[in-house]
Amino acid sequence: MLNLINGPQTTGNGRGFWLAFLAVLAVALAYPAFADSYDVGNFSYFLIWIFMALGLSLIWGYGGMLSFGQTFFFGIAGYSYGVLAIIMGGGSTTILALVLSVLIAALAAVVLGYFMIWGRISGMFFGIVTLAATLSLAFFLGQTAGPEWQIGGARLNGFNGMKGMDPLAVGDFYIEGTPFYYVMVALILVVYLALRMLVNSSVGNVIVAIREDPQRAEMLGYDVRKYQLVTFAVGSGLAGLSGALYTSWGQFITPSSIGLPAAAMPIVWVAFSGRSDLTATLVGSFLLLFGFQTITIYSQQAALVLMGALLLATVMVMPQGFIFGIAQAVSGRLRRAPAPSEPDAVRLQADGS
Amino acid sequence: MLAELFSLFYQFADVFAFLILASAGLAIVFGMMGVINMAHGEFIMCGAYVTVGLVNLGVPLPLAQIAAAIVAGLIGVLVEVFIVRKFYRRPLDSLLATWGLSLIVTQGMLLVVGSAIRGIGTPEGSFAVGDYTFSTYRMVLFACAVAVLFGIYLLFMRTRFGVIARATMQNAGMAQALGARTGRIYAVSFGIGAGLAGLCGALYAPTMTLIPTMGATFIVESFVTVVVGGANVLLGTAPAAMFLALVRMALNASYGQIIGQIGMLFAVIVIIRILPEGLSSILARRGR
Amino acid sequence: MKAIRNICAAASGLALLVCAASAAHAADPLKIGLLEDISGDLAFMGMPKLHGSQLAVEEINKSGGILGRQIELIHLDPQGDNARYQEFARRLLNRDKVDVLIGGITSASREAVRPIVNRTSTPYFYTNQYEGGVCDASMISMGAVPEQQFSTLIPWMVEKFGKKVYVVAADYNFGQISAEWNRKIVTDLGGTVVGEEFIPLGVSQFAQTIQNIQKAKPDWILTINVGAAQDSFFEQAAAAKLNLPMASSIKIMLGFEHKRFAPPALNNMHVTANWFEEIDTPEADAFKKRWHAKFPDELYINDMGYNAYHAIYMYKMLVEKANSTKLDAIRKVIATGDACIDAAEGKVCIDPKSQHTSHRMRLVSVGPKHEITVEKDYGTIQPYWLAEIGCDLTKKNDKDQYTPSHLPKKK
C-alpha cells in the first residue's frame, strides 16, 4: 500500500522530489530550535488551515465538485469541539472532543452530500447549494446570543463567539507553542501521505474519472454517487479538522469564520495554488497564507490591493496555478497529466444539445 | 383590508425589484457567458458612486443614474477585453481573477475616495394607503425592474444583435464560422451586464449607505437568483426572482427577518434539489 | 595613596556604568500595540481611532514621553477579520512584546483577543461603547456602557414622547442585550415595548420593518441597528415619511450618520454619549483644534476616536502613578479609586471593581438640517452595574462577560 504514495494522480513521484521533501521536513522539525517562539506559533497557525485546503483540493481538484461548504464543516466541527470540550470538562477529554467533532462534521457531510449527490445536483448548482447551507448556518449561529442557546451548559453566544473551552491538552498539560507545532507537523504529514495514497489508489482513479466524464464512468459500471459521496465526506471532514484545531488554538469560534468572506477563502487558496494536485495545494496555500499575512503587516492600507493584484496576476500569467507556474518557470521539466477539462456543467447555458 | 393587501404587494414588489435589479447583470455575464464575476458587486458600487458624484455636481438624478450605468458598462467592456477574455475556456479561473479585481477595486476606492461618502437623499414623494405610508421611489424601483426585464427580453430576442449574441453563447466556433465577430459580441455583452449592475447601484444609491464594500449586500442574492433560474436566463431569472421574493416576503411578514433570510436560503436548497437544473428546465420544456 | 586612587577610579567607573545602564534603559521606548480596522466595512469607524492614538502619542512624546520614555506605536490592521485579530494580538504580545494592547471595534473582536491577552500579563484597553458586562482584570474599558447610556436616554424619551416603544435592533449580542436593557427600563417606567424587530447583519432593505412600525403605532423608535447596510433604514424610513422620534446609543456619535446621510434622514434622533464633536466646552474646543490641526480631512471625530485618544492618556497616568508598566502595579493604582484623567468631556475615572470608566453623559437631538443640539447634561455617571451584580476585580478575576440574563453564579 505504501507504494501508492507515488502514482499518476500526484506530481512529485521521483527521487528528486522525495529528497527535497525530506529536506523540507528536516528543516521543519528542526525549526523550533533556531526560531523565535512567536514564529513557531505563527507557522503552526498557518498549518491549521491547510487541512481545509487539502480537503477542497480533493473535492474540487480531484472530484470536480465546487464546494462552498468547507467553512460550513469548519464551523460544525469547531462548535462541536467547543461544546464537547466544555461538557466533558477539558483536560485529556479534549483529544476525544477533537476526534468526535471531526466525525460529526464528516457525518454532516454524508447527510448534506447524500441530499445533493443523490439529487443529481452538480456544477455551479452544487456550489450554490453548499453556499446557501453555509450562509444559513452562519446567520443562524449569529443570532444565538441569548442564554437559551446552549448545549449542556456550553453557550453558543452568537456573534460574540463561543469561548471557555480548553485547548488540546493531556491532563493538565496544554498542547501549545512548540508541542502544538510538532503535533501539527505530524498531522499534516499523516494526512498528506494518506491523501496521496487515496488519490493514487483505484478509488482515486475512479474519482478522477468521474471528474473527467461522469457519464462514461457510470457506463463503465461505477456507482458515481458513492464515490462522490466518499470524496465529499473525506474532504469536508478535513475541513472539520481545521475547524476543531482552530477552536482549540484560539479557544474561540465565531460565525464570522463560517460566512462570507471566510467561505470564499479556501476556494481562493486552492484555485491560486493549483487545485488539481495535493502537493501544489499544500505548498501554495501555505505560501499564500504566509504572504497575505506579511503583506497585511507591512503594507497596512495597501494590503488588500496588493493581495488582489497578486491573485489577478497569478491567474492571468500562470493558468495552471501558482505552484506549477513557478515550477515550470524554474525547471521546465515538470511532467504531469494534461490539465483537467472544465466540467461542462459549470456553465448554466445549455450547449445547444 | 385593501391597505393590508397593498402592503403585501408592496413588500413583494420591493424584494422582487431588489432581486431582479441585482441579478440582471449577473444573469447575462454568468448565466449566458459562463463568467463567474465575483466583481459584480463592484460594478454596482461603481454605479452608485458615479451617481452620487454626478448629483453632487448638480446633474439631475435620472440623468446621473443613466450616465452611471453607461460608465459602468464602459468599464465592463474594458474589464472584458483585458481580463475576462482570457477565461472563456476556464470559467472557474474567472472566479479567482474577478475576486482579485474585486479586492483591488474596493480597497482602491477606499484609498482614493475615503471610507464613506455623503449620500444623496431619496427623491421626494410618498403616498398613503390606509394606515401605511409608502415611498413612491420604491415603486419606481419596481417599475424599473420590470422595464429591465422587458429590455433584456427585447434586446436578446428581437434584435439582430440579440440573435447573434445568443448564437455566440451557444456555440462560439460555429457563430464565428458564420461570420459573427465573437470578440466584439463578448465585449458588448459583458458591457451590458456590467451596465445593468451599474444601473442597480445607481437606482439604489439614494436609499443606501455608500461605502466601498456596499456591493457585498447584493452579491449573494444575485448569484442565488441567477442559479435558481437555471440555464436559460431569459426564461428563468424572472420566475426565480418571483419565487424567492414570495418566500422572503411571506417569511418576513410572519416570522421576522432572520427567518426570512434563512428561509430564503433553505428555499434555494429545496428548489435546486427538486429541479437540479434550475427553474428554466421545466419552463423551457413547456415553452417551446 | 595608589590604593585609594584605584578605589576611586573603580567606584566612579562603576557609577558611570550604572548611570549609562539606567540611561540606556530609560531610553528604551515604551511600546503600545494597536489593533484597529482601517480597511473593510468598519474602516470609516477605525480611521478616527488610529488618528486619535497617533495624536495622543505625538503630544505625549513631545512633552517627554511616559516616565521619560518615548512611546512607540505599533499598529496592525486586522481588516475586520476575527482570525487576524487573534493572529496580530499574538504577534504584538509575543513577538513585539508590547507593554499595552489597545483596540478592537466589534465585541466579537474583543472577545477573540481577550483569551490571548489573559495568558500574558499585559493590560488591554477596549475603547468602544458596548453592551457592557466584561469582568476581566486584564481589561480596562474606556467606552460607555448601558447603565450610562440607556438609563439616561430612555427615561428622557418616555417622558418627552410617550410610553410606547418600537425596537429595531441588530440581531446579535449587542442588539439583543441592548434590547433587554430597554425592556427592563421601559417596563420599570410603566411603558410598553409594542414591538421588537431583530435584523440580521447585512440586511439593507427595510420595507417590511417600516410597515410593521406603522402597524404598531409606537410613540418613538429605539434604533440599535448596526453596520452600514442596516443604516439604510434611516433613509428608507424618511422616504416613507415615517416621521417618528428616534433614540439610539450608537448613532451619530459612532458612525456620524448625520454627516453621511442627506438631511432629513436623521431628523428627530436622540443619542446619549460621553462625546460628540458638537460639544463646545473650552476643553472640547481645544481638543478638537489639536485634532483638526493634525488631521484636517477628518470627517468627524467620533466617540471611538475620542476614547482611543484618551486611553493613551489614561495609560500614561496609570504608569506614572504606579511608576511601572506592570499590570499588577497599574491595578493597584486603579484599586485606590484615584485613577482619573481630565478628558475633553470632563473628569473620567476608572471604577476599581469593574475597571470601566465613569463618564459625563450628554443627550443630544438632531434637527431637520442635521444640526445637533445638546439637550441635557447628566453629569458624571458611574458604571455601577457590574459592581451591583457582583463583579469585584479587586477580589477576584472572573474573565467573563455578564448580561442581564447571564449573571454571576451566587456562591
Side-chain angles (χ1 to χ4, degrees), chain B residues 3-4 7-8 10-15 17-18 52 55 103 106-107 110-111 114-128 130-138 204 206-214 216-218 220-221 248-249 251-253 256-262, chain C residues 37-48 79-80 168 171-172 196-217 227-243 255-265 297 299-300:
Chain B
E4 295 295 335
S7 168
L8 283 175
Y10 181 86
Q11 304 306 324
F12 167 78
D14 203 57
V15 182
F18 183 81
V52 171
V55 167
L103 283 177
T106 44
Q107 190 64 11
L110 188 136
L111 291 172
S115 50
I117 60 170
R118 195 193 171 102
I120 54 180
T122 315
E124 285 294 312
S126 64
F127 58 96
D131 279 335
Y132 304 120
T133 57
F134 303 96
S135 160
T136 320
Y137 189 71
R138 309 297 298 196
Y204 277 95
T207 70
M208 288 181 65
T209 315
L210 294 154
I211 52 170
T213 48
M214 65 185 288
T217 327
F218 297 87
V220 172
E221 270 95 342
R248 184 77 185 251
M249 176 209 82
L251 291 173
N252 268 357
Q257 291 256 25
I258 185 74
I259 301 287
Q261 199 176 39
I262 298 183
Chain C
D37 295 323
I38 53 172
S39 49
D41 282 339
L42 298 174
F44 70 100
M45 289 201 264
M47 286 300 313
Q79 300 168 329
V168 175
D171 194 6
Y172 75 112
E196 251 177 5
E197 223 175 285
F198 293 99
I199 319 280
L201 295 168
V203 165
S204 64
Q205 306 300 312
F206 289 93
Q208 181 69 55
T209 309
I210 296 171
Q211 302 308 301
N212 294 344
I213 294 175
Q214 293 187 317
K215 206 176 194 173
K217 297 196 187 23
Q230 291 195 359
D231 278 348
S232 308
F233 170 78
F234 299 109
E235 185 57 61
Q236 293 170 25
K241 296 270 187 297
L242 194 59
N243 287 341
F256 43 103
E257 288 76 10
H258 60 310
K259 297 261 184 264
R260 291 190 293 116
F261 287 100
D297 291 328
L299 206 59
Y300 190 81

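Chain letters run A, B, ... following the sequence lines, proteins first, then strands; residues in each count from 1.
The part of C:Lys217 that comes within reach of chain B is its side chain, from C-beta onward, which places non-hydrogen atoms under 4.5 angstrom from that chain. B:Ile258 touches chain C through backbone and side chain together, each having a heavy atom under 4.5 Å away. Heavy atoms closer than 4.5 Å to chain C are found nowhere in B:Phe127, neither backbone nor side chain. Contact of B:Ile117 with chain C is made through the backbone alone, with heavy-atom distances under 4.5 Å. There is no contact between B:Pro123 and chain C, counting heavy-atom distances below 4.5 Å. Neither the backbone nor the side chain of B:Glu221 comes within contact range of chain C; no heavy atom of the residue lies under 4.5 Å from a heavy atom of that chain. For B:Tyr132, the parts lying near chain C are the backbone and the side chain together; criterion is any non-hydrogen pair under 4.5 Å. For C:Lys259, the part sitting under 4.5 Å from any heavy atom of chain B is the backbone (N, CA, C, O) and nothing else. Both the backbone and the side chain of B:Asn252 come within less than 4.5 Å of a heavy atom in chain C. Using a 4.5 Å cut-off between heavy atoms, C:Ala265 does not touch chain B at all. Contact annotation for C:Ile213: neither backbone nor side-chain heavy atoms come within less than 4.5 Å of a heavy atom of chain B. Contact annotation for B:Phe218: neither backbone nor side-chain heavy atoms come within less than 4.5 Å of a heavy atom of chain C. Interface residue C:Asp41: backbone and side-chain heavy atoms are both found under 4.5 Å from chain B. Looking at C:Phe198, only its backbone comes within 4.5 Å of chain B, counting heavy atoms on both sides.
Ring-plane geometry between B:Tyr10 and B:Phe134 is classed as tilted, the angle between the planes lying from 30 to 60 degrees on a 0 to 90 degree scale.
If you tally non-hydrogen atom pairs under 4.5 Å between each of C:Glu197, C:Gln205, C:Gln211 and chain B, the highest count goes to C:Gln211. Heavy-atom pairs under 4.5 Å with chain B peak, among C:Ala43, C:Ala238, C:Gly202, C:Ala228, at C:Ala228. Per-residue heavy-atom pair counts under 4.5 Å with chain C were compared for B:Met208, B:Glu124, B:Met214, and the maximum is reached by B:Met208. When each of C:Leu42, C:Val203, C:Asn243, C:Asp231 is scored by its heavy-atom pairs under 4.5 Å with chain B, the top score falls to C:Val203.
B:Ser135 and C:Gln236 are not linked by any side-chain donor-acceptor pair at a separation below 3.5 angstrom, with hydrogens and angles left out of the test.
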